[in-house]
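Read the structure below first, then the notes.
Quantities reported herein were computed from a predicted structural model and do not represent experimental measurements.
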Amino acid sequence: MKYIWSLSLMVLSLLFMSSDASADGINAHPKKIDPDVLFKEKAEYIAEELIVKFAPDTTQTEREDLLKQVDVEEETPLDDQDFSLVKVTPGTNLTTIAKQLLMSKQVLLVEPNYKFKKAYLPKEPGYSRQWYLPKLQLPKAWDKTKGSSKITVAIIDGGVQKDHPDIKGKIVSPYNAVNGSSSYAPDEHATHVAGIIAGSFNKYGIAGIAPDVKIMPINVFQGDLASSDTVIRAIYYAVAHHADVINMSLGDDSYSYLLESATKYAKSKGVVLVAAAGNSSTFLPMYPAASEGVIGVSATDRNDRIASFSNYGNYIDLAAPGVDIYSSIAGSTYASYDGTSMAAPMVSGIAALVRTKNPFLSPSQVETILKKSTIDLGSRGWDEDFGYGRIDAYKAVSNTPAPISTITAPKTYTMTGKNKAAFSFKTTSKTKVSLSIKDAHGKTVRKVLSNKTSTGAKISASWDGKSTSKKFVTTGTYKIEVKITKGSESYYKSTMIKVVNHTKPAILVSGTYSYSPNVSRKVTIPYELTQKVKVTAVVMDKNGKTVKKILSKKTISAGKHSIVWNGKTTKGRLVKDGTYQIAWTLTDSHNKKVKTKKVQLTVDSVRPTGTITLSSTLFKMDTKSTNTLKMNLKETSYVIVYVVNEQGTIIKKVINKKANPGTLTANWNGKNDKNQLVPEGTYRYFVQFKDMAGNLTKINSPSLILQDWRVPVITSGKDYYLKTKGAMTIGYTLNKPGKVTIGIYQNGKRLSTIKTDAAELAGQHSFTWNGTDDVNNQLNDGLYQFKIKVVDKYNITQIYSGNVHVELNTIEISYPAVVMFYPGEGSEVHYKLSRPANVTIEILNQANQKIKTIAQDKALSEGIQSFSWLSGDEKGDTYYYVITAKNAYGQKSVKGKMTSTGNPAWLVSHSFSFHLASDQIYNDQLQMKINTKQQITAIVHVYNDEGSSQIAQKQYTVKAGSNTLVYTKPSKYSWYYYLIEYRDSLGNEYWYEINE
């Protein structure tokens, strides 16, 4: 450290000396130092760069020629002086290049581009007792990064003291995995671990390895013990709350599949896991250090020897200091502890520094960096004491690649229109890469790459100098910006490029134009310039003679412009109709003329002519036929054809198009612009011809009589039911007016006449019938037909027929096809009668033999009824019931099934499952998926155990179709016994049990 302090003083002294030096002293020729001496020194320098001092009178051209001779190029001048930073080809010998340059009298000095270093020393009072920090080269590592508040280290341990002076302000999402709360008792061990990882640089107490990261404390201990389920729950909690690193200074020698599943899950979600190897001086594996996906850490002392207490074995990945480790403890104080519990947070803190420098690295990539960033101890390579070696923080952050490498790009891009600017860079693999070009105002002018997936290999791209609108950009400075994303994380890096537009100026103008002085006072012709130029624009006649000069070497900037001509000559007279040309001549900044660009302009003051003819003045509209208008056009024009009514209101636009000379037809189908048929009446066509110059001709056609010759359409239902005495109503709709006749028929014979030749308009109508014939006799139950006949004014006829079911006296029984049967107990059946009736109920066995009569000709009222059957000694599990209902008009029998194994007929499917809570250990919900053919009621009955008293109940309405029901358990920490009850609309019950 004395050397660094002395070097800093020396640099400061040199700076002060320079500031006092005279101008002559600054410009004095320095002594040329032999490159063999310069480049053999042990000082670090950039391998592909040199600093060159030129003689003051050296021109820029001479400098460029000198550098070209040794195949190097100027990267940038330094402070507008005679110094330049130059770039050499990778692998070139710097000594040779330096000697070649110094052979010229115009080169006064060539030096390496040295790498100057500083080392951060924290001002914490306890830093002198933290011997392990210099050992791990943390002061040099802190010059690169001290961590970031965006990185969180979860500490699965006891309770970290939240208000400890070195910890406060760092805590995020604290959790007590024992009871599910956010409070816990502070613990010395956990607070010690937290201080090692993230003790603040606050000139108080100790220094943490990653002082700027956040801590997520998760308590898993009750006293001195923690159960595997709380550790597992803690891991899932840390993942769910976005921890980047998990430190576990705890362990047990018992393997747990669930613990291994949790660590593998955490790693798959991008979390780096670190655990202490254990303090039993044994080779037996300690978990979770030996679990898959976890970095196992052994402990070393001040002399890089394995600690006497440290475990060892094939699960050791890394070693770290773990003897006499001074850090924070609960009670807002500090103490020294020994153990692999202290070694693990060393690795966790360094992993947090690595993740800070590159948050896009996967856990495996972080682990690879850590394993190659070590001091190899013990046997060469990996061994069972030290793993891959004792961790080194400076090596780790030095070996961590930036998310995006330096962007290789030309400093200047001289754009010719045929060349491209090439870029290259590397990014962290498995990220999405975008590259944009932005102007000086930060506006994106071109996206070169968009969400390209990176493999980690070099990415190359090029830019042709054009914007998104495919136009060359103007001379100026632009930013090349690379963006990478992974999930919600984004990272940007950019470099500047100077663009010099050396493309030839061009004018973009095309097309032919027409102009009528009678329509407009002027004609406007747009054009676009690619560069700032002087513009001359003239109007010429067909012989090439200039009629009017509009612009004369006027300087106009790049972009969109237009010229305007009023149709007059230089002398102010209107020109005659005919063909003219607008000619542009450009003169660039070097006073060179660019090829003349011309467009044709027709001056036309005569209106277009044409004739129109109707195919017929009578249009019998039947939805298939159309009426045709023929037009004979004499010149190319825009044609618009409208259909209008007698008042001149536009009904429909039939044609709107550009048409060449010749015959053009327009067809009308009798519909308006809303695709609706228009009413009968008088219409005509209104035609407009507009030529290219805007001259307009308007023509009205003769009147057109439209008649509605559509076949009448009658819309009604197919089946109607008369079940109660009184009149029923049947609705129908007519699409057009007509005379309507309606009757009731059976077997082709008309029994009742409802309407005869009644004049009705288009729209909705209805009729009523009470089930009687023409002489008012009540008809018997049965099937009848109604017929609706309509005849329009053109004598076009249509007939519609539907059914009427008369069921005034017939009995209907609503019943369950399947009911639950309980062996030894029987069944209860609910059913419904549509009419009062005498009811007989019989029970049959599987052989359809009657074994019991429940009721015999029992008089019952209409509505829901029920019966019960106690099976007694019957041994079967399936029976049938038959309900027979009689009245004076007949009888009805139905048969249902009673079974202990079947489901109700309306149940399509159902399934039950349990949902894991966020801790991934306990169930918090019962989920039910039910698909039914009818609406039912579902009731969840909850018990602690089978046979115990009910503790909770919840009722749901289940609609026909697919349903998902969610029942939230009274407590996720208990298992329950459930009875699920389904109840149909009649009241029949179906029960299912679930034993969690």
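Listed by first and then second residue, the side chain to side chain donor-acceptor pair (under 3.5 Å) pairs that reach into residues 372-383 are S373-N399, sequence neighbours excluded. Sequence neighbours left out, not one pair with a member in residues 212-233 passes ring-ring contact (aromatic ring centres under 6.0 Å, His included). Applying the side chain to side chain donor-acceptor pair (under 3.5 Å) test to every pair with at least one member in residues 217-228, sequence neighbours left out, gives these pairs: N176-N219, S227-D229, S227-T230.
A distance of 12.0 Å separates CZ of R233 from CG of L258, quoted to the nearest 0.5 Å. Interatomic distance, M342 CE to I325 CD1, rounded to the nearest 0.5 Å: 8.0 Å. To the nearest 0.5 angstrom, T431 atom OG1 is 10.0 Å from L361 atom CG. Taking NE2 of H241 as the start and OG of S918 as the end, the distance is 7.0 Å to the nearest 0.5 Å. Atom-to-atom distance recorded for N279:CG and T340:OG1 is 3.5 Å, nearest 0.5 angstrom. A distance of 11.0 Å separates CG of D324 from CD of Q130, quoted to the nearest 0.5 Å.
The shortest distance between side-chain heavy atoms of L136 and R390 falls below 4.5 Å. In this structure, K150 and P359 have side chains that are not in contact, with every pair of non-hydrogen atoms separated by 4.5 Å or more.
Counting non-hydrogen atoms of neighbouring residues, nucleotides and ligands closer than 6.0 angstrom, the NZ atom of K493 exceeds 12 such neighbours. In Y973, the OH atom is crowded: over 12 heavy atoms of neighbouring residues, nucleotides or ligands sit closer than 6.0 Å. Within a 6.0 Å sphere centred on NZ of K426, heavy atoms belonging to other residues, nucleotides or ligands number 12 at most. Under a cut-off of 6.0 angstrom, the local environment of NZ in K371 is crowded, with over 12 non-hydrogen atoms contributed by other residues, nucleotides or ligands.
Applying the ring-ring contact (aromatic ring centres under 6.0 Å, His included) rule to Y337 yields the partners H192; only residues at least two apart in sequence or on another chain are considered. Among residues two or more places apart in sequence or in another chain, the ring-ring contact (aromatic ring centres under 6.0 Å, His included) test is passed with H915 by none. In this structure K135 satisfies the salt bridge (Lys or Arg N to Asp or Glu O under 4.0 Å) test together with D304, sequence neighbours excluded. Remark: K486 pairs with no residue by the salt bridge (Lys or Arg N to Asp or Glu O under 4.0 Å) rule, at least two apart or across chains. For D157, there are no salt bridge (Lys or Arg N to Asp or Glu O under 4.0 Å) partners at least two apart in sequence or on another chain. Residues that satisfy the ring-ring contact (aromatic ring centres under 6.0 Å, His included) test with Y255, not counting sequence neighbours, are Y287. For F309, the ring-ring contact (aromatic ring centres under 6.0 Å, His included) criterion is met by no residue, not counting sequence neighbours. For K969, the salt bridge (Lys or Arg N to Asp or Glu O under 4.0 Å) partners at least two apart in sequence or on another chain are E996.
Between Y237 and Y175, the ring planes are parallel. Angles under 30° get that label, and only those over 60° would be called perpendicular. Note: W142 and F201 have perpendicular aromatic rings, judged against thresholds of 30 and 60 degrees for the angle between ring planes.
Here the options are T485, T453, N451, the test is side-chain hydrogen bond (donor to acceptor under 3.5 Å, both in side chains), and the partner is K432; only T453 passes. Evaluated for a side chain to side chain contact (heavy atoms under 4.5 Å, CB included) with M346, the options I197, I196, L318 yield exactly one hit, I196.
Checking side-chain atoms of S310 against main-chain N and O of I306 turns up no donor-acceptor pair under 3.5 Å.
For Y236 and Y265, the ring centers are positioned less than 6.0 Å apart.
Donor-acceptor pairing under 3.5 Å is recorded for the side chains of N358 and T428.
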Do any side-chain atoms of residues 204-215 form donor-acceptor pairs under 3.5 angstrom with protein atoms, and if so which ones, sequence neighbours left out?
residue: K214; atom: NZ; partner: G169; partner atom: O; Å: 3.0

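Remark: K162 qualifies as a cation-pi partner of Y184 under the 6.0 Å distance and 45° angle criteria applied to the six-membered ring.
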